[in-house]
Amino acid sequence: MKIIVVRVGDVKLYPPTISLMNIICVLGYECVLVTTGDSRGVEKALNESMTIDYIDYSYEESKALVFKAIDRLRIEKMLWKAIDNHYNTDCILWVMSDVTIKHLSYRLLNYKYVLHMDELNDGIYYTPRFKQLKMDARKLGNNAVAVVVPEYNRAHITKAWWELDRLPYVMPNKPYVNENEFKQNGISDQAQSVLDKLEGKKIILYQGGLGKERPIYKFVEAVEELENYAFIIMSGDYSEYSSKGYKNCYFIDYMSPPMHLNVTARAYIGIVTYVPTPGQNSVLNALYCAPNKIYEYARYGVPIIGNDIPGLRSVVNEYRNGVIVSELTKEEVKKKILKINESYEGYSKKSKGLYESCDNEKTVKEIIRMSMD
């Protein structure tokens, strides 16, 4: 059995896609990645048995609509040429994200395929600005071998929105990497310098994107007033925070996964926060969040502090791997940090329990087995 994973856009920015491909390889299946040219370099994070076929085109989300429409046609032609070079009757296309679906078009219906969604999408739109221009999610979803989402509530919401016959599979965004391999590659000099400087400090870490949907000001301000603690922001663009002159906040540039986990492993507490904000995705996407960082923290037994939304409260209520800040204020955050510190070993143990509870290998096996029926 051969699995062709298809992704438009830089795969290095999507750790769950990397984890999926490593699982497929470890399970003993042949795995081929077909992706755009901006993904070059991702092979460093992948199983050595992987085959990668880069099309000679890079995807740019920020282009004007008319140019994106032209790009879509060009990318579609290149993707299908690459796919058909690898496809046979004993094969599944594993299609990552709504962006990739729209670049493959309805030709997908002639193949055996899985739809794996990153975000909570109420439809599959050619462009989110014009909701009238959308694909038939009901048809595409019900003709798939499986639809996959990263969170339980998202599965039920997607089933309802897309009018699916079956509930989507849930595959949480748990990292799947070779521990020894990425440790040998180390981390950036900048990251190492920051970690050396904070030796002996209890590190409160925020890793990931920033913006209106993910405000962390109150967390940073709380740590400013705590002795023996330090706050690290590891992100692609942290200028909004670095310009504020915080004395106890440090910054590390984005590193391609899984190298960033070398920093994650040094954290004492991890921060996860989402505020529903109107944008390209439904506001429910933030309420029922499914962040990679929950499982990345859990991998190293790092307890979390999250804000009060269903996607975070449900995890904390079930696994007791951290605490929820009911009111996002500096004083409340300080109390929660100290609460975790008082019973740290218990929270850390529960965090590892969350990580161990997730068996994505089993889910991938089940989906592949279904495709053979």
Side-chain angles (χ1 to χ4, degrees), residues 10-19 45 118 150 172-177 179 182-183 185-198 201-220 222-223 229-242 246 248-275 286 289-307 309 311-312 315-316 321-323 325 333 336-337 340 347-348 351-352 354-355:
D10 188 352
V11 176
K12 296 188 296 297
L13 301 178
Y14 299 95
T17 302
I18 293 171
S19 295
D118 295 329
N173 291 329
K174 175 182 177 179
Y176 193 99
V177 296
E179 191 87 22
F182 83 82
K183 278 188 175 179
N185 288 315
I187 57 177
S188 67
D189 291 341
Q190 180 214 23
Q192 190 61 61
S193 174
V194 170
L195 293 176
D196 288 346
K197 188 182 299 183
L198 299 180
K201 293 268 191 179
K202 294 176 180 178
I203 294 171
I204 311 296
L205 174 67
Y206 176 83
Q207 58 185 45
L210 294 165
K212 290 183 179 180
E213 191 181 77
R214 306 177 189 186
I216 59 172
Y217 279 108
K218 298 305 176 184
F219 296 97
V220 176
V223 177
Y229 288 84
F231 201 100
I232 290 180
I233 298 175
M234 180 165 56
S235 185
D237 181 6
Y238 44 73
S239 56
E240 177 185 355
Y241 291 86
S242 60
Y246 293 118
N248 202 24
C249 185
Y250 301 82
F251 305 94
I252 293 176
D253 293 335
Y254 170 84
M255 287 182 285
S256 295
M259 303 309 150
H260 69 296
L261 295 178
N262 286 305
V263 176
T264 310
R266 290 281 301 276
Y268 188 69
I269 295 173
I271 301 301
V272 193
T273 181
Y274 288 85
V275 175
C289 62
N292 319 336
K293 60 181 74 74
I294 284 184
Y295 284 89
E296 291 173 341
Y297 294 145
R299 180 184 179 94
Y300 301 101
V302 176
I304 67 168
I305 299 178
N307 65 313
I309 55 171
L312 297 178
V315 172
V316 169
N321 61 310
V323 295
V325 178
V333 171
K336 297 300 184 181
I337 291 172
I340 288 179
Y347 283 112
S348 180
S351 187
K352 289 179 181 177
L354 164 64
Y355 185 83

Asks: Can you check whether Phe231 reaches Ile216 side chain to side chain, under 4.5 Å on heavy atoms?
Replies: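 Side chain of Phe231 against side chain of Ile216, heavy atoms only: contact under 4.5 Å found.
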Asks: Indicate yes or no: at least one non-hydrogen side-chain atom of Ile309 is less than 4.5 angstrom from one of Thr273.
Replies: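 When only atoms from C-beta onward are counted, Thr273 and Ile309 do not touch, as no gap falls below 4.5 Å.
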Asks: Quick one: closest heavy-atom pair of Ser351 and Asn321, and the distance?
Replies: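 Closest heavy-atom pair between Ser351 and Asn321: CA-CB, 3.6 Å.
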Asks: What's the shortest heavy-atom distance between Val302 and Ala267, and which atoms?
Replies: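 Nearest pair, atom of Val302 first, then Ala267: CG2-O, 3.5 Å.
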Asks: Quick one: pull up CD1 in Ile269 and CZ in Phe219 and give me the separation to the nearest 0.5 Å.
Replies: 10.5 Å
Asks: Do Leu205 and Tyr297 make a side-chain contact, defined as non-hydrogen atoms from C-beta onward lying under 4.5 Å apart?
Replies: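 SC-SC contact between Leu205 and Tyr297 confirmed.
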Asks: Any chance you could measure Ile233, atom CD1, to Ile204, atom CD1, to the nearest 0.5 Å?
Replies: 12.5 Å
Asks: How far does OG1 of Thr264 sit from CZ of Arg299, to the nearest 0.5 angstrom?
Replies: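 So the OG1 of Thr264 and the CZ of Arg299 are separated by 9.5 Å.
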Asks: For Lys174 and Ser19, which heavy atoms make the closest approach, and how far apart are they?
Replies: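 In this case the closest contact between Lys174 and Ser19 is O-OG, 3.4 Å.
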Asks: Do Asp237 and Tyr254 meet the criterion of a side-chain donor-acceptor pair at a distance under 3.5 Å?
Replies: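 Looking only at side-chain atoms, Tyr254 and Asp237 do not form any donor-acceptor pair under 3.5 Å.
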Asks: I want to check something: taking the side chain as every heavy atom from C-beta on, are Ile18 and Pro258 in contact at a cut-off of under 4.5 Å?
Replies: no
Asks: Nearest 0.5 Å please: distance from the CG atom of Leu261 over to the CZ atom of Arg266.
Replies: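 It is 14.5 Å, given to the nearest 0.5 Å.
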Asks: Find the distance between OH (Tyr250) and OG (Ser242) and round it off to the nearest 0.5 Å.
Replies: 14.0 Å
Asks: Rounded to the nearest 0.5 Å, how far apart are OH of Tyr229 and NZ of Lys201?
Replies: 11.0 Å
Asks: I want to check something: taking the side chain as every heavy atom from C-beta on, are Lys336 and Ile340 in contact at a cut-off of under 4.5 Å?
Replies: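 Result no, sub-4.5 Å side-chain heavy-atom pair not found.
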Asks: Do you know the tightest heavy-atom contact between Val263 and Ala191?
Replies: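 Scanning both residues, the minimum pair turns out to be CG2-CB, 4.1 Å.
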Asks: Applying side chain to side chain contact (heavy atoms under 4.5 Å, CB included), run through Ile203 and Leu195 and close with a yes or a no.
Replies: CA-CA 9 Å; Ile203 294 171; Leu195 293 176; 4.0 Å; yes
Asks: Is the distance between the ring centroids of Tyr241 and Tyr217 less than 6.0 Å?
Replies: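 Yes; Tyr217 has its ring centre under 6.0 Å from that of Tyr241.
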Asks: Measure the shortest side-chain to side-chain distance between Ile232 and Phe251 over non-hydrogen atoms and say whether it is less than 4.5 angstrom.
Replies: no
Asks: Search all heavy atoms of Asn248 against all heavy atoms of Val223 and return the closest pair with its distance.
Replies: ND2-O, 3.2 Å
Asks: Report the C-alpha distance between Asn307 and Leu312 in whole Å, list the side-chain angles of each, state the deciding distance to 0.1 Å, and finish with yes or no for side chain to side chain contact (heavy atoms under 4.5 Å, CB included).
Replies: CA-CA 7 Å; Asn307 65 313; Leu312 297 178; 3.4 Å; yes
Asks: Looking at Asp196, I'd like to know if its CG atom is crowded, meaning that more than 12 non-hydrogen atoms belonging to other residues, nucleotides or ligands lie closer than 6.0 Å.
Replies: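 Yes, because the 6.0 Å sphere around CG of Asp196 holds more than 12 heavy atoms from other groups.
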Asks: I need the minimum non-hydrogen distance between Met234 and His260, along with the two atoms involved.
Replies: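 Where Met234 meets His260 most closely, the heavy atoms are CE-O, 3.6 Å.
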Asks: Indicate whether the side chain of Ser235 and that of Gln207 have a donor and an acceptor atom separated by less than 3.5 Å.
Replies: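 Not at all, the side chains of Ser235 and Gln207 share no donor-acceptor pair under 3.5 Å.
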Asks: How would you list, by chain and number, every residue that makes a ring pair (Phe, Tyr, Trp, His ring centres under 6.0 Å) with Tyr347, sequence neighbours excluded?
Replies: none
Asks: Answer whether the closest heavy-atom distance between the side chains of Ile187 and Ile252 falls below 4.5 Å.
Replies: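 In short, these two side chains do not touch, never coming nearer than 4.5 Å.
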Asks: Determine whether Pro291 and Asn173 make a side-chain contact, defined as any pair of heavy atoms from C-beta on separated by less than 4.5 Å.
Replies: no
